[in-house]
Amino acid sequence: MSDTLLDVRDLGKRFGGLQAVDGVSFQVRSGHVKSIIGPNGAGKTTIFNMVAGAFPPSAGSIMFQGRDIASMPSHEITRLGIARTFQNVKLFRGMSAIQNVMVGRHCRTRTGFLGAALRMPHAISEERRIRAAALEHLEFVGLSDIAATDAHSLAFGQQKTLEIARALATEPKLLLLDEPAAGLNTRETEEIAQLICRIRDTGVTVLLVEHDMSLVMNISDEVMVLDFGSKLAEGLPREVQNDPEVIRVYLGAEYVAE
């Protein structure tokens, strides 16, 4: 399809004797939110790790905008336009919220070590632009009022949101969100859902791993279900909700769409 941003074919990952992902194929269309769901250990985060370049696949291909990225290191993949968050929040200690977001701009900077160390005029000018861009991202996610606050002193929900702002600072075309609502209360989960929709509305495509089925079914354009490293089902949220195998293996009868 011409609007396919990410095209994954026959993806596999083996860790010794464990087949974590086994022949999974799927596409992510530009401008959509696609969710990957399934039981713990189904291979969801393993797929994220391969798409983001954390480790290479054992088999298959990962095409991003028509380019095979399966063997690329993570920093090159980030430059191409894929950013991610993590299940467990990973922020830089001893740094403020805005400094954490500024780190996300590193892949878009031009100043080298020498220019930064000598505080050359172009380096100072670029740093100002980076700070201004970081503040814009904090404003977008609703955290501009805590820009100077130490990141690790923030509430857990704010830390999760800050990590999204840092990922957005890389200027991604595809944003991988790994359980952004995990550990959040109902109000915070609703705010994350609204934020994901706003991100999509800016033109950024979202690939989401999440266990909160209300969030997934309300904001996803398409849902893929994994079980034991293999694809169990894929389709529109309502189709997946009513799939007998998905209900049996993962959702349970309470999630059947009426």
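Hydrogens, waters and symmetry mates are skipped; everything else that's a heavy atom, side chains included, is used. Computed from a predicted structure; not experimentally measured.
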Contact summary for [X] and [Y], nearest pair of heavy atoms:
X      : Y      : value
Pro172 : Ala83  : CB-CB, 3.8 Å
Arg14  : Gln19  : NH2-OE1, 2.7 Å
Ser220 : Val223 : CB-CG2, 3.9 Å
Leu138 : Ala165 : CD2-CB, 4.4 Å
Arg84  : Asp178 : NH2-OD2, 3.7 Å
Val24  : Gly229 : CG2-O, 3.3 Å

Hey, are [X] and [Y] close enough for a salt bridge, meaning a charged N less than 4.0 Å from a carboxylate O?
X      : Y      : value
Arg200 : Asp221 : yes
Glu245 : Arg248 : yes
Arg29  : Glu222 : no
Glu234 : Lys34  : yes
Arg166 : Glu163 : yes

### Task
Check the pair Ile47, Val209 against side chain to side chain contact (heavy atoms under 4.5 Å, CB included), reporting the backbone distance first and the verdict last.
CA-CA 10 Å; Ile47 287 177; Val209 164; over 6 Å; no

### Task
Could you check Leu174 against Val204 for side chain to side chain contact (heavy atoms under 4.5 Å, CB included), going step by step and ending with a plain yes or no?
CA-CA 6 Å; Leu174 175 63; Val204 176; over 6 Å; no

### Task
Please indicate whether Asp145 has more than 12 foreign heavy atoms, meaning atoms of other residues, nucleotides or ligands, lying under 6.0 Å from its CG.
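More than 12 within 6.0 Å, yes.
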
### Query
If you draw a 6.0 Å radius around CZ in Phe228, do more than 12 non-hydrogen atoms from other residues or ligands fall strictly inside?
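Open.
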
Hey, what do you get for [atom1] ([X]) to [atom2] ([Y]), rounding to the nearest 0.5 Å?
X      : Y      : atom1 : atom2 : value
Ile36  : Leu207 : CD1   : CG    : 4.5 Å
Gln158 : Leu184 : CD    : CG    : 11.5 Å
Arg67  : Ile77  : CZ    : CD1   : 10.0 Å
Glu179 : Thr85  : CD    : OG1   : 9.5 Å
His75  : Thr170 : NE2   : OG1   : 14.0 Å
Ser30  : Asp3   : OG    : CG    : 7.0 Å

#### Entry: Quiz item: cation-pi between Arg198 and Phe140, 6.0 Å / 45°
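Yes; both conditions hold, so Arg198 lies above the ring face of Phe140.
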
4.5 Å side-chain heavy-atom contact, [X] and [Y]:
X      : Y      : answer
Asp68  : Ser61  : yes
Tyr250 : Met213 : yes
Arg105 : Glu171 : yes
Met50  : Leu11  : yes
Leu226 : Met224 : yes

### Message
Are Phe86 and Leu215 linked, directly or through intermediate hydrophobic residues, by side-chain heavy-atom contacts shorter than 4.5 Å (ILVMFWY only)?
### Response
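Leu215 does not cluster with Phe86.
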
### Message
Would a single hydrophobic cluster contain both Phe156 and Ile192, if residues Ile, Leu, Val, Met, Phe, Trp and Tyr are joined by side-chain heavy-atom contacts under 4.5 Å?
### Response
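Result: yes, single cluster for both.
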
### Task
Dump the intermediate steps for side chain to side chain contact (heavy atoms under 4.5 Å, CB included) on Met63 and Arg9, then the final yes or no.
CA-CA 8 Å; Met63 305 295 293; Arg9 299 290 178 92; 5.9 Å; no

#### Entry: Step-by-step side chain to side chain contact (heavy atoms under 4.5 Å, CB included) determination, Ile82 to Lys173
CA-CA 6 Å; Ile82 298 179; Lys173 299 179 180 71; over 6 Å; no

[X] (side chain) donor-acceptor with [Y] (main chain) under 3.5 angstrom:
X      : Y      : value
Glu239 : Leu236 : yes
Lys13  : Thr46  : no
Gln27  : Thr4   : no
His211 : Ile37  : no
Glu188 : Asn185 : yes
Ser35  : Val216 : no
Lys44  : Gly38  : yes

### Query
What is the ring orientation for Phe55 with Phe15, classed by angle as parallel under 30°, tilted 30 to 60°, or perpendicular over 60°?
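Geometry flag for Phe15 against Phe55: perpendicular rings.
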
